[in-house]
2 protein chains.
Amino acid sequence: MKERYKLPCNIAQTLNIVGDRWTLLILHDILVGNETFNELKKSLDGISANLLSDRLKHLEEAGLVASSVYSKHPPRYQYTLTDSGRELELVFDALLVWGRNNLDICYKQLVHNECQHEVELQHYCPSCKTNVDRADVSPVPVEEHQLNK
Amino acid sequence: MKERYKLPCNIAQTLNIVGDRWTLLILHDILVGNETFNELKKSLDGISANLLSDRLKHLEEAGLVASSVYSKHPPRYQYTLTDSGRELELVFDALLVWGRNNLDICYKQLVHNECQHEVELQHYCPSCKTNVDRADVSPVPVEEHQLNK
DNA sequence: CCAAGTGAGTTGATTTAATTAACTAAGTAT
DNA sequence: ATACTTAGTTAATTAAATCAACTCACTTGG
């Protein structure tokens, strides 16, 4: 966590939050509906209880996960994603699609419910109201540092 | 590397390849044009030489990075991405966009060159020839395991 | 020609992070 | 009352990453 990568780069700073071992998988698991500690632990075959516990705490501090008590005495929590946590869905989809195209053994594909055809990810310009080729977009610096919060 | 996550899931298996510390940042750095060992080392402020060396070797084995000798005696290499490495660009874009929307301090945004307007990532169905809402797509299992290679 | 500097690493020691294993505490089911 | 489940915590061990120093081949400056 604590600022591993010092680079002035969205990707590095995002990975400072979600780049630790197991972290993305935990978030993904919550996203797909595993919401209690043991559901997560069972589903994430191989994770240890203390690590899961630590990660959940950090993710809550970072504002990606929210927890609500569903039983006092003993305290039992349900973990859900916040809006920013849920926004990682695009990252998961990008990883899934990469895996679909490049893994030796692939498990999932992303399909359009209506026609069952596989979908792709594309860049869309809301101003031009069209999809644009990757070659026609560039990452450019923003001046207005300090965005949300 | 060696199969940390055992889950039958594209995301977990993809992270087995690119999920280690520094790995995605190295790949991104090569993508944006840092191609020699020292360029990478300088650009990735904080990485140690041995880790960079290890990672490059593993990424080459995994087929995401290719190296070509640009000087024998002493051997000097130039590192470039293979096709599968380059396909990670969508993952980088997804991380960049997430950072743009959720980081306290954001450095980059992704803009359409022509109109300088910020772009988004969307799901596109090549069969329907339209963009589709995330709610209208689902990850479904594939039977034909064993894809490429 | 000799010293200092650069590129591309390797080796070994230390520190940090993750895994394994055992344990607790409250409540439920048998 | 005993065993089992949920949701963890604590401590010990192992694995991974960082730090620091070193190598080796070549290049440049004096």
Side-chain angles (χ1 to χ4, degrees), chain A residues 1-7 12 15-30 33-62 65-80, chain B residues 1-7 12 15-30 33-62 65-80:
Chain A
M1 263 49 209
K2 74 285 276 285
E3 196 164 310
R4 162 156 310 118
Y5 308 122
K6 293 176 297 214
L7 315 177
L15 290 176
N16 269 335
I17 301 172
V18 301
D20 277 333
R21 204 103 80 215
W22 291 104
T23 299
L24 278 171
L25 293 179
I26 293 169
L27 289 163
H28 180 250
D29 238 50
I30 298 176
N34 296 100
E35 303 201 321
T36 68
F37 192 90
N38 266 28
E39 274 171 15
L40 289 167
K41 185 154 181 339
K42 249 171 239 158
S43 166
L44 296 166
D45 184 23
I47 199 174
S48 58
N50 55 352
L51 192 68
L52 179 54
S53 178
D54 284 1
R55 291 291 192 264
L56 288 169
K57 264 176 223 146
H58 284 132
L59 288 170
E60 214 177 330
E61 272 172 47
V65 162
S67 67
S68 55
V69 178
Y70 72 83
S71 139
K72 320 171 56 171
H73 282 298
R76 292 292 124 101
Y77 299 95
Q78 182 188 29
Y79 299 95
T80 51
Chain B
M1 262 51 211
K2 73 286 277 281
E3 193 164 312
R4 164 156 309 119
Y5 308 122
K6 293 175 296 212
L7 316 177
L15 290 176
N16 269 336
I17 301 173
V18 300
D20 277 333
R21 204 105 78 214
W22 291 105
T23 299
L24 278 171
L25 293 180
I26 293 169
L27 290 163
H28 181 251
D29 238 49
I30 298 175
N34 296 99
E35 304 200 322
T36 68
F37 191 89
N38 266 30
E39 276 171 16
L40 289 168
K41 185 156 181 341
K42 252 171 234 157
S43 166
L44 295 167
D45 185 23
I47 199 175
S48 58
N50 54 355
L51 193 68
L52 179 54
S53 179
D54 283 1
R55 292 291 192 264
L56 287 170
K57 262 176 226 144
H58 283 132
L59 288 170
E60 216 178 328
E61 271 172 48
V65 162
S67 67
S68 55
V69 178
Y70 71 86
S71 141
K72 322 171 53 175
H73 284 298
R76 291 293 122 100
Y77 299 95
Q78 184 188 29
Y79 299 96
T80 50

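Convention: sequence-line order gives letters A, B, ...; per-chain numbering from 1. Computed from heavy atoms alone, side chains included, the values below leave out hydrogens, waters and symmetry copies.
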Nearest whole angstrom, please: distance from the [atom2] of [N] to the [atom1] of [X].
{"X": "Asp54(A)", "N": "dG8(D)", "atom1": "CG", "atom2": "P", "result": "12 Å"}
{"X": "Glu39(B)", "N": "dA8(C)", "atom1": "CD", "atom2": "C1'", "result": "12 Å"}
{"X": "Leu56(B)", "N": "dA8(C)", "atom1": "CG", "atom2": "C1'", "result": "11 Å"}
{"X": "Leu44(B)", "N": "dA17(D)", "atom1": "CG", "atom2": "C1'", "result": "15 Å"}
{"X": "Asp45(A)", "N": "dT20(C)", "atom1": "CG", "atom2": "P", "result": "11 Å"}
{"X": "Leu52(B)", "N": "dA16(D)", "atom1": "CG", "atom2": "C1'", "result": "16 Å"}
{"X": "Leu51(A)", "N": "dA17(C)", "atom1": "CG", "atom2": "C1'", "result": "9 Å"}
{"X": "Leu25(B)", "N": "dA17(D)", "atom1": "CG", "atom2": "C1'", "result": "15 Å"}

Determine: side-chain N/O of [X] to OP1/OP2 of [N], distance under 4.0 Å, yes or no.
{"X": "Ser48(A)", "N": "dA21(C)", "result": "no"}
{"X": "Tyr79(A)", "N": "dA7(D)", "result": "no"}
{"X": "Lys57(A)", "N": "dA7(D)", "result": "no"}
{"X": "Lys42(B)", "N": "dG7(C)", "result": "yes"}
{"X": "Trp22(A)", "N": "dA17(C)", "result": "no"}
{"X": "Ser53(B)", "N": "dT10(C)", "result": "yes"}
{"X": "Thr36(A)", "N": "dA7(D)", "result": "yes"}

How would you list, by chain and number, every residue that makes a side-chain contact (heavy atoms from CB on, under 4.5 Å) with Lys6(B), sequence neighbours excluded? Asp45(A), Glu3(B)
Taking only nitrogen or oxygen atoms into account, show me every contact under 3.5 Å that the protein makes with nucleotides 11-15 of chain D, one pair per line with its distance.
{"unit_1": "dA11(D)", "atom_1": "N6", "unit_2": "Asn50(A)", "atom_2": "ND2", "d": "3.1"}

Please round to the nearest 0.5 Å and tell me the distance separating atom CG of Leu25(A) and atom OH of Tyr5(B).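 It comes to 5.0 Å.
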Rounded to the nearest 0.5 Å, what's the gap from CG on Leu15(B) to CH2 on Trp22(A)? Could you check? 10.5 Å
Closest-nucleotide ordering on DNA chain C, the 5'-leading residue of Tyr77(B) and Ile47(A): Tyr77(B)
Indicate yes or no for a side-chain donor-acceptor contact from Arg55(B) to the backbone of Arg21(B) under 3.5 Å, with no hydrogens or angles considered.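 Such a contact is found between Arg55(B) side chain and Arg21(B) backbone.
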Note: for Arg21(A) and Asn38(A) on DNA chain D, the residue whose nearest nucleotide lies more 5' is Asn38(A)
Sequence neighbours excluded, which residues qualify as side chain to side chain donor-acceptor pair (under 3.5 Å) partners of Glu39(B)?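 Scan of Glu39(B) (side chain to side chain donor-acceptor pair (under 3.5 Å), adjacent residues dropped) gives none.
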For Ser67(A), side chain to side chain donor-acceptor pair (under 3.5 Å) partners two or more places apart: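 With sequence neighbours excluded, Ser67(A) shows a side chain to side chain donor-acceptor pair (under 3.5 Å) to Glu60(A), given in chain and number order.
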Under 3.5 Å, sequence neighbours excluded: what are the donor-acceptor pairs made by side chains of residues 46-53 of chain A?
{"unit_1": "Ser48(A)", "atom_1": "OG", "unit_2": "Asn50(A)", "atom_2": "OD1", "d": "2.8"}

